[in-house]
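Quick notes on the structure that follows.
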Amino acid sequence: MRVLLIGANGYIGRFVADRLLADPAVQLTALGRGDDADVRFDLATGSPGALTRFLDAVHPGVVVNCAGTTRGGARDLTRHNTVAVATVCEALRRSGCGARLVQIGCGSEYGPSQPGSSTAEDAVPRPGGPYGVSKLAATELVLGSGLDAVVLRVFSPVGPGTPAGSPLGRLAEAMRRAMQSGDGELKLGGLGTQRDFIDVRDVARAVHAASLSAAQGVINIGSGRAVRLRDAAGILARVAGYGGTLNELDAHPPHAPHTHAPHTHAPHPTTPLRTTIGHPRPDPDRDRDRDSDRDRERDRDRHRDHPPTTQVAFPYPDGCGSWQQADVRTARDRLGWRPRINLEESLADIWMEAACRI
């Protein structure tokens, strides 16, 4: 079976490529914007006609589209997540290859859901931000294309290669910085959010299964269990061996006035925090005056009794509110797929990569 993989250099695409290459029955061709792609092609700017000619030449049996972006304004998101998929669908309609399309969607297409509920594929999507809107538009294009196609709505992928800018990637980086600088307390905000985390290697297994199946429509890919970010932080601290204290920053009351007193207020949990606040550095002039052993010993005692603190907030930027949990029964029934890798293993791999930067 010849598979054309689009977006092989992306976070999910790299693991999909590894999974497909491990199947001796698969002949893989990678198409993308990078120099290491077998064929260089930019879906956001390339024409359907040019892609059609390539499909007719390669004649794949399956096209897997992992391309897209999670960053940028509405225009960039639309170009890379929606227009690009329209190009793929139109090229497949024009081509004589008759390839099956496996499109990678996302849980953000659903938007916020009721706490305690599991979101099934028949839920009415109400995306809460431009990213979810752009991915939902892509899904609708695929479903309305008349192609042999399936959309895998992936919830919150984690594991090795997790982007450093993602909430769990930033959490691991904050913990690394705290350990490196000896901070005895890590204050974290926005940890009440609950998400359905699924290891990226399990996602790759689902893509492989979908490539071989006849399933069509939308299929959720998740663990089926929502986990609070606070609990994920605790697991990460354990696997990292962080011996400090994890405390959650206090949120402002719903209608409390926002004060601006210096050094006293915590960031609002819905406001992105762009900096990591470490403990204050000593004044250089004062350091030069500390020339006695007694002063240095007193400084060490003060550091031990009042360890420095790192404060970081982790708002979840997917527009899905405080809760999201996938109903994954369709993946089990139609793909024969179940998640295998638990969250602790995923977080251990995230930490391993963060620790390598120490």
Side-chain angles (χ1 to χ4, degrees), residues 1-8 10-32 43 55 58-68 81 84-85 88-89 91-92 95 97-110 119-123 125 135-136 138-159 196 198-224 326-341:
M1 176 178 66
R2 183 173 292 278
V3 177
L4 175 64
L5 175 59
I6 306 172
Y11 173 39
I12 293 177
R14 292 195 298 272
F15 290 92
V16 171
D18 290 343
R19 178 72 187 186
L20 294 174
L21 286 170
D23 184 346
V26 170
Q27 295 175 291
L28 185 65
T29 300
L31 182 147
L43 287 179
L55 291 172
V58 175
H59 213 78
V62 177
V63 174
V64 177
N65 183 25
C66 296
N81 295 339
V85 173
V88 173
C89 291
L92 282 169
S95 172
C97 69
R100 171 174 172 77
L101 174 61
V102 179
Q103 167 70 20
I104 303 302
C106 68
S108 296
E109 297 175 40
Y110 289 116
T119 303
E121 290 83 356
D122 59 358
K135 294 292 288 185
L136 176 60
T139 292
E140 295 299 333
L141 285 170
V142 171
L143 297 180
S145 66
L147 299 168
D148 174 14
V150 63
V151 177
L152 303 182
R153 275 187 177 148
V154 178
F155 276 61
S156 298
V158 295
D196 188 327
I198 180 68
D199 192 279
V200 67
R201 292 160 292 193
D202 280 334
V203 175
R205 288 180 43 250
V207 172
H208 187 204
S211 301
L212 300 174
S213 78
Q216 296 186 339
V218 174
I219 299 179
N220 290 340
I221 303 298
S223 69
D327 183 329
V328 295
R329 288 176 294 179
T330 301
R332 179 195 62 199
D333 297 341
R334 299 176 66 189
L335 300 181
W337 174 91
R338 285 182 172 86
R340 294 178 180 173
I341 300 174

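No experiment lies behind these values; they were computed from the predicted model shown.
- Shortest non-hydrogen contact noted between S211 and V62 is O-CG2, 3.7 Å.
- Residues V158 and Y11 come closest through the heavy atom pair C-OH, 3.1 Å.
- In this structure, CD1 in I6 is found 11.0 Å from CD1 in I104, a value given to the nearest 0.5 Å.
- By the 4.5 Å heavy-atom criterion applied to side chains, V207 and R19 are not counted as neighbours.
- A side-chain contact (heavy atoms from CB on, under 4.5 Å) with I219 holds for exactly one of T330, V151, V328; it is T330.
- Residues I221 and P339 have side chains not in contact (no heavy-atom distance under 4.5 Å, counting atoms from C-beta outward).
- Nearest heavy atom pair, residue H208 against residue L20, reads CD2-CD2, 3.8 Å.
- Nearest heavy-atom pair, C66 versus V16, reported as atom, atom and distance to 0.1 Å: SG-CG2, 4.0 Å.
- No side-chain heavy atom of V142 sits less than 4.5 Å from a side-chain heavy atom of N65.
- One finds the CG atom of L136 at 6.0 Å from the CZ atom of R153 (value rounded to the nearest 0.5 Å).
- Heavy-atom neighbours of R332 CZ from other residues, nucleotides or ligands within 6.0 Å: above the threshold of 12.
- Of the candidates K135, E140, Q103, V85 forms a side-chain contact (heavy atoms from CB on, under 4.5 Å) with just one, namely Q103.
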Walk me through whether S213 and R334 qualify under side-chain hydrogen bond (donor to acceptor under 3.5 Å, both in side chains). CA-CA 8 Å; S213 78; R334 299 176 66 189; over 6 Å; no

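- Inter-residue side-chain proximity for V200 and R14 is flagged as unmet; no heavy-atom pair is nearer than 4.5 Å.
- Between A99 and V63, the shortest heavy-atom distance links the atoms CB-CG2, 4.0 Å.
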Yes or no on side-chain contact (heavy atoms from CB on, under 4.5 Å) for R205 and F15, after CA distance, side-chain angles and deciding distance? CA-CA 9 Å; R205 288 180 43 250; F15 290 92; over 6 Å; no

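- Interatomic distance, L101 CG to Q216 CD, rounded to the nearest 0.5 Å: 10.5 Å.
- For the pair N220 and Y110, the minimum side-chain heavy-atom distance is below 4.5 Å.
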For L152 and L335, run side-chain contact (heavy atoms from CB on, under 4.5 Å): C-alpha distance rounded to whole Å, both residues' side-chain angles, the deciding distance at 0.1 Å, then the answer. CA-CA 11 Å; L152 303 182; L335 300 181; 4.2 Å; yes

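- When side chains are defined from C-beta on, V218 counts as touching T139, because their heavy atoms get closer than 4.5 Å.
- To the nearest 0.5 angstrom, D18 atom CG is 10.0 Å from L28 atom CG.
- Between R340 and D202 there is no salt bridge, since none of the side-chain N atoms of the basic residue sits less than 4.0 Å from a carboxylate O of the acidic one.
- Rounding to the nearest 0.5 Å places OG1 of T119 at 9.0 Å from CG of D196.
- Without hydrogens or angle criteria, R100 side chain to V150 main chain gives no donor-acceptor distance under 3.5 Å.
- For the atom pair SG (C106) and CG (N81), the distance works out to 8.0 Å, reported to the nearest 0.5 Å.
- The heavy-atom pair separating S95 from L55 by the smallest distance is OG-CB, 3.6 Å.
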